[in-house]
Amino acid sequence: MSFTVHGQAVSRGIAIGRAVIVASSRVDVAHYFVTADQTTAEIERLRQARNAVMEEIVRVQQGLGELGSNDAHPELSALLDVHLMLLQDEQLISGVKHWIVDRHYNAEWALTTQLEVIARQFDEMEDPYLRERKADLEQVVERMLRFMRGVASPIMAPVRTEARRDAAHDSVVDVPLVLIAHDLSPADMLQFKQSVFAGFVTDVGGKTSHTAIVARSMDIPAVVGARSASHLVEQDDWVIIDGDAGVVLVDPSPVLLAEYGFKQRQGEVERERLSRLKNTPAVTLDGQRIELQANIEQPDDAVAALKAGAVGVGLFRTEFLFMGRNGKLPDEEEQYQAYRRAVEGMQGLPVTIRTVDVGADKPLDRTPVRAGEDHLNPALGLRAIRWSLADPAMFLAQLRAILRAAAHGSVNLLIPMLAHASEIRQTLVLVDRAREQLNTRGQVYGPVRLGAMIEIPAAALTIPLFLRHFDFLSIGTNDLIQYTLAIDRADEAVAHLYDPVHPAVLQLLASTIAQCRAQGKGVSVCGEMAGDVTMTRLLLGLGLRTFSMHPSQILAVKQQILRSDTARLQVWAQSVLVAEDPAALMAD
Ligand code: PEP
Ligand code: MG
């Protein structure tokens, strides 16, 4: 049955493929393809896991028998029987084989996919007793997964695309896959960065949620905030993801498939055309040179940044190094190596390293592992610099690592979420202390330019304070909009109120840019607004000359710049600033 789900448009273009529904709790299961001659080994791994779990259950049953407690615990004994039965269930076994043999999924992926198929059938059962068997099935699958985790696959993840290509003589295997999940944390998304998926859909999330930001950095079509997509879409359904319109079309008609196939090809032609701008300097019609920098999440993203023609990294979100590690944070040496890789990767171009910004919609891990991670209002809680100042030893280790990386190239040190003079003072004291510690150790480090993010209205309203202490400012519009309008950027229920051109936001942006320029200090925008082509002219008109965005957006923004005349835009931007409904003027 065809239907359409609406969500938030996250990233460019169209993806057409079959749905892979992944339960949020199982996104950490490896997803990769195996070659045709590896399928037998994958089935054998599953067989071993199933046998091991069955033996375990039989042992427990025997134990109960010896204690004479089979009679004392008739429910437990019956439950174990149910588990044994589920493990031998024909639908489970044949379904898993199907995903491995016909689709070339690795064993864990095949198992969790089939689990999702059967779990849905349980959900639809009328009989509450049978409905509850879903939990039993989940338990036995979990035990098999645990067993398989202990026995590493002989085929490891990096083969993904090669295996796919290898198997591509089979047309079924050649179909692109799109991932549909209720929720994916930013760390989960990162895990999927090198994955087999051609597109993403999540039920929750706003346009500038960090999950959406990582999806954008992957440069594949994605829609977030699609509410109940993960329930409505079935495993293996055909879906079209329109990442520009924020629409997911499920089981589309042949006419729609043809229409979107055409759009997809048009998008590719447009991208090809844009790629010719890579080496063209970003200069406006009236000769203003604009700096287009890249936002990165991992050191290796420097490759994409250079490829897109970025003139530096304007925002390295270092928190991604800290996530998904069960609270065990990277030490100074590990961080130093990562920052150094990014700096060297940029081949002499400046790299702006932002100190860690965990908290809010960027938890360290799926479940809170550190004190203070489970606040009621995480976006207003211990986040970013607040978190760093609460743990000076951790912060000092990061500062030392960044200062050491600065010996290998041009580094800017950027501090997120500052609002108070006392936070600025403490930060500066700790930067000095980090230098002293390195001096005492006799360790080499380099000079850094110090920058502050302006992303809290209180900061935007006290710019002179920041200009006294910092060499440059970077406006984080994602948070500045969130905090100015009291709109949770990760909550799809209020996404319609997330308005980058609200007069209050524009006032704060305009005055921050103007004050920096008046003092000859550098100012950039590194929020998602900088990479939104519908905002480029306005930002130019407000006087912005440095933009930082995902590498995938650089060429489209450059195209806008090449067509712009800043003198004319300045006059127009002033009228937008004082308009009651600025959005109405944006199309002018
Ligand atoms: C921002 O808030 O605009 C920003 C760039 O930081 P982040 O998105 O990582 O919060
Ligand atoms: Mg921010």
Side-chain angles (χ1 to χ4, degrees), residues 8 10-11 185-187 189-190 205-217 224 292-298 301 312-323 351-364 378-388 412-419 423 451-460 466 472-491 495 498-502 505-506 508-509 512-513 523-532 535 539 544 546-551 553 557:
Q8 301 288 318
V10 166
S11 54
S185 73
M189 288 298 284
L190 215 56
K207 225 175 166 137
T208 59
S209 64
H210 284 91
T211 299
I213 286 173
V214 182
R216 212 164 283 134
S217 79
V224 300
L292 297 181
Q293 303 175 335
N295 290 357
I296 65 171
E297 275 91 38
Q298 291 172 312
D301 294 343
V313 168
L315 174 64
F316 177 1
R317 289 183 164 98
T318 59
E319 50 274 15
F320 287 92
L321 298 172
F322 288 64
M323 290 179 193
V351 177
T352 306
I353 304 178
R354 181 177 74 180
T355 58
V356 63
D357 177 7
V358 291
D361 70 329
K362 280 183 287 194
L364 273 181
L380 301 180
L382 199 65
R383 201 197 137 175
I385 188 64
R386 303 166 180 186
W387 194 77
S388 296
N412 304 321
L413 170 59
L414 181 61
I415 312 293
M417 288 264 299
L418 287 165
E423 289 171 328
M453 286 197 70
I454 302 300
E455 45 188 351
I456 300 181
F466 286 82
F472 69 98
L473 302 183
S474 185
I475 309 174
T477 46
N478 305 335
D479 280 316
L480 188 60
I481 297 167
Q482 155 166 271
Y483 294 123
T484 304
L485 302 180
I487 301 298
D488 185 340
R489 60 193 265 196
D491 185 350
Y498 193 93
D499 181 9
V501 294
H502 187 289
V505 174
L506 294 184
L508 294 178
L509 257 174
T512 302
I513 295 168
V523 59
S524 66
V525 168
C526 63
E528 296 303 290
M529 204 170 166
D532 179 346
M535 296 292 152
L539 291 172
L544 191 75
T546 307
F547 295 61
S548 191
M549 66 200 79
H550 288 297
Q553 291 150 327
V557 170

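Both ligands and their constituent atoms are indexed starting at 1 by order of listing. No hydrogens, no waters, no symmetry mates; every other heavy atom, side chains included, goes into these values. Given the structure is predicted, the values throughout are model-derived calculations rather than measurements.
- Closer than 2.8 Å to the Mg ion (ligand 2) sit the protein N, O or S atoms Glu455 OE1, Asp479 OD2.
- With a 4.5 Å cut-off on side-chain heavy atoms, Asp499 and Ile481 do not count as touching.
- The closest donor-acceptor contact from the side chain of Arg386 to the backbone of Gly381 lies under 3.5 Å.
- Smallest separation of non-hydrogen atoms from Pro416 and Asp357: CG-CB, 4.2 Å.
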Per-pair distances, ligand 1 N/O vs protein N/O, less than 3.5 Å:
from, atom 1, to, atom 2, distance (Å)
ligand 1, 2 (O), Glu455, OE1, 3.0
ligand 1, 2 (O), Asp479, N, 3.0
ligand 1, 2 (O), Asp479, OD2, 2.9
ligand 1, 3 (O), Gly476, O, 3.4
ligand 1, 3 (O), Thr477, N, 3.1
ligand 1, 3 (O), Asn478, N, 2.8
ligand 1, 3 (O), Asn478, ND2, 3.2
ligand 1, 6 (O), Arg354, NH1, 2.9
ligand 1, 8 (O), His210, NE2, 3.2
ligand 1, 8 (O), Arg317, NH2, 2.8
ligand 1, 8 (O), Asn478, ND2, 2.9
ligand 1, 8 (O), Arg489, NH2, 2.7
ligand 1, 9 (O), His210, NE2, 3.0
ligand 1, 9 (O), Arg317, NE, 2.7
ligand 1, 9 (O), Arg317, NH2, 3.4
ligand 1, 9 (O), Arg354, NH1, 3.2
ligand 1, 9 (O), Arg354, NH2, 2.8
ligand 1, 9 (O), Lys362, NZ, 3.1
ligand 1, 10 (O), His210, NE2, 3.2
ligand 1, 10 (O), Arg383, NH2, 3.2
ligand 1, 10 (O), Asp479, OD2, 2.9
ligand 1, 10 (O), Arg489, NH1, 3.0

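- Closest of all the heavy-atom pairs between Pro457 and Leu480 is N-CD1, 3.8 Å.
- The minimum heavy-atom distance linking Ala459 with Leu418 is given by the pair CB-O, 3.5 Å.
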Met535 and Phe547: CA distance, side-chain angles, deciding distance, side chain to side chain contact (heavy atoms under 4.5 Å, CB included) verdict
CA-CA 11 Å; Met535 296 292 152; Phe547 295 61; over 6 Å; no
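- Remark: Thr208 pairs with Asn478, Arg489, Tyr498, Glu528 by the side chain to side chain contact (heavy atoms under 4.5 Å, CB included) rule, at least two apart or across chains.
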Using the salt bridge (Lys or Arg N to Asp or Glu O under 4.0 Å) rule, take Asp532 and Lys207 through it: C-alpha gap first, then chi angles, then the decisive distance, then the call.
CA-CA 12 Å; Asp532 179 346; Lys207 225 175 166 137; over 6 Å; no
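- Checked against salt bridge (charged side-chain N to carboxylate O under 4.0 Å, His left out), Asp301 has the following partners two or more places apart in sequence or in another chain: Lys193.
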